[in-house]
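All values below were derived from every heavy atom in this structure, side-chain atoms included, with hydrogens, water molecules and symmetry-related copies excluded. Indexing begins at 1, ligand by ligand and atom by atom, following the structure's order. Numbering of residues begins at 1 and proceeds along the displayed sequence.
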Amino acid sequence: MFKGLRGKFSGLFGGKNGEEIRGSEFIQNVYEALLESDVSLEAAERISSALSKKIPDQKKRQPTESFKASLYDTIMEFLNVVRSNTWDMLQGESPFKVLFLGINGTGKTTTIAKIAKFLTERNRRVVIAASDTFRAGAIDQISYQGERVGVKVIKHQPGSDPSAVAYDAIEHAKSRGIDYVLIDTAGRMQNNINLREEMKKIKRVTSPNLTILVIDSMAANDVMEQSKTFSKEIGFDGIIVTKLDTDARGGSILTIASELKKPIMFIGTGQNPDDLIEFSPEWMIKKMLPEDLQFSS
Ligand SMILES: Nc1nc2c(ncn2[C@@H]2O[C@H](COP(=O)(O)OP(=O)(O)OP(=O)(O)O)[C@@H](O)[C@H]2O)c(=O)[nH]1
Ligand SMILES: [Mg+2]
């Protein structure tokens, strides 16, 4: 995880660590390191510009040491924008309804099992709504995931109304004093207007306490525009970034932090129900920066 980003940041001084370089050269190196680590162009520009503000007199040669804390502080500033009080976000009236949205294959269904496990381990009672009635096999998949973590799945026939399934799951939770309803939905391309309308309908019918957008870290840059549209049209409260374990370059978190500005609640680090970590900027920056850059000004 983040090997790419950490490796690029290790090379920031181009072998001149301990010597003197110009501030402008350092900023340029950071900019390139970000782009090579798959940070989007827009985000790389924003981060470099924030860094630039911390480095006066950029033409003057200065010891490399003097630049290190400014990078740490800049990255931390961006990560702080997406800092999440994850547990607080999951508190509210019972049953607390969580709607999971996202484009195809981002990891919604797998993540729901992880969140179900996270909650049951904290002694909360959970039910899952199999509201992806659209994709063949989706109901079997969520049923399997539910079994894996010992959580009941409310389901209807394939092709049935997703909102009706969610409604049933909520009624089930109400009648049995269940704390959380996790609503799985069909993955969809954001350019499909009918499916988008359907998503709005699910949101209207269920009035979720929390709507989570699930983003695949490998595709993060490609889906930024779509995610912004999504944010405008449907709205979401928090983000889960999946597949960080397969993301060697590691720039996606910075892209998301710079462009979406919504709390990142969790990150997914594998295919199993245990592979979930609560997002923390402190944890993240330890992974992103090499050891000799781990200090603040
Ligand atoms: N390595 C890794 N794989 C993951 C992670 N999360 C999900 N996956 C895998 O990604 C694939 C898609 O996951 P799903 O949970 O089916 O994704 P989805 O968003 O529900 O997909 P649709 O319902 O088709 O939109 C599966 O093979 C998962 O095992 C993760 O954090 N790491
Ligand atoms: Mg799914």
Mind checking whether K114 contacts ligand 1 via backbone (N, CA, C, O), side chain (CB onward), both or neither, at a 4.0 Å heavy-atom cut-off? side chain
Heavy-atom proximity to atom 14 (P) of ligand 1 ranks first, among L101, D216, T110, for T110
Among R22, Q58, K54, find the residue that satisfies the side-chain contact (heavy atoms from CB on, under 4.5 Å) test when tested with I27. Q58
Backbone or side-chain N or O of K243 under 3.5 Å from ligand 1 N or O: yes
Is it the case that atom NZ in K261 sees more than 12 heavy atoms from other parts of the structure closer than 6.0 Å? yes
Roughly how far apart are L34 CG and L51 CG, rounded to 0.5 Å? 9.0 Å
Determine whether any heavy atom of A138 lies closer than 4.0 Å to an atom of ligand 1. no
Evaluate D184 for polar contact with ligand 1, using N/O atom pairs at a separation under 3.5 Å. no
State, with a plain yes or no, whether a side-chain heavy atom of S143 is found less than 4.5 Å away from one of K155. yes
Out of curiosity, is Q141 lining ligand 1, as in a heavy atom under 4.0 Å away? yes
Near T109, which atoms of ligand 1 are under 4.0 Å from a heavy atom of that residue? 15 (O), 18 (P), 20 (O)
K228 atom NZ, over 12 foreign heavy atoms within 6.0 Å: yes
Ligand 1 contact by G105, heavy-atom criterion under 4.0 angstrom: yes
What distance do L276 atom CG and M265 atom CE have between them, rounded to the nearest 0.5 Å? 10.0 Å
Please identify which atoms of ligand 1 are closer than 4.0 Å to at least one heavy atom of G268. 31 (O)
Taking everything shown except Y144 itself, do over 12 heavy atoms lie less than 6.0 Å from its OH? no
So, is T109 placed with an N/O/S atom under 2.8 Å from the Mg ion (ligand 2), counting both backbone and side chain? yes
Is any side-chain heavy atom of M288 less than 4.5 Å from a side-chain heavy atom of I253? yes
Can D179 and R125 be said to form a salt bridge (Lys or Arg N to Asp or Glu O under 4.0 Å), step by step? CA-CA 5 Å; D179 309 302; R125 297 179 67 205; 5.9 Å; no
Could an N or O of ligand 1 be found under 3.5 Å from any N or O of G107, whether backbone or side chain? yes
Looking only at N/O atoms, are N104 and ligand 1 under 3.5 Å apart anywhere? no
Ligand 1 versus D245: contacting region, heavy-atom distance under 4.0 Å: side chain
Contacting atoms of ligand 1, where contact means under 4.0 angstrom from a heavy atom of T246: 1 (N)
Pairwise distance OG(S252) to NZ(K243) - rounded to 0.5 angstrom: 12.0 Å
In K117, K114, R148, the residue satisfying side chain to side chain donor-acceptor pair (under 3.5 Å) with N272 is R148
Close N or O approach (L244, ligand 1; < 3.5 Å): no
Checking heavy atoms under 4.0 Å, the part of D275 that sits near ligand 1 is neither
In ligand 1, the atoms that come under 4.0 Å of a heavy atom of D132 are 23 (O)
T185 versus ligand 1: do any nitrogen or oxygen atoms come within less than 3.5 Å of each other? no
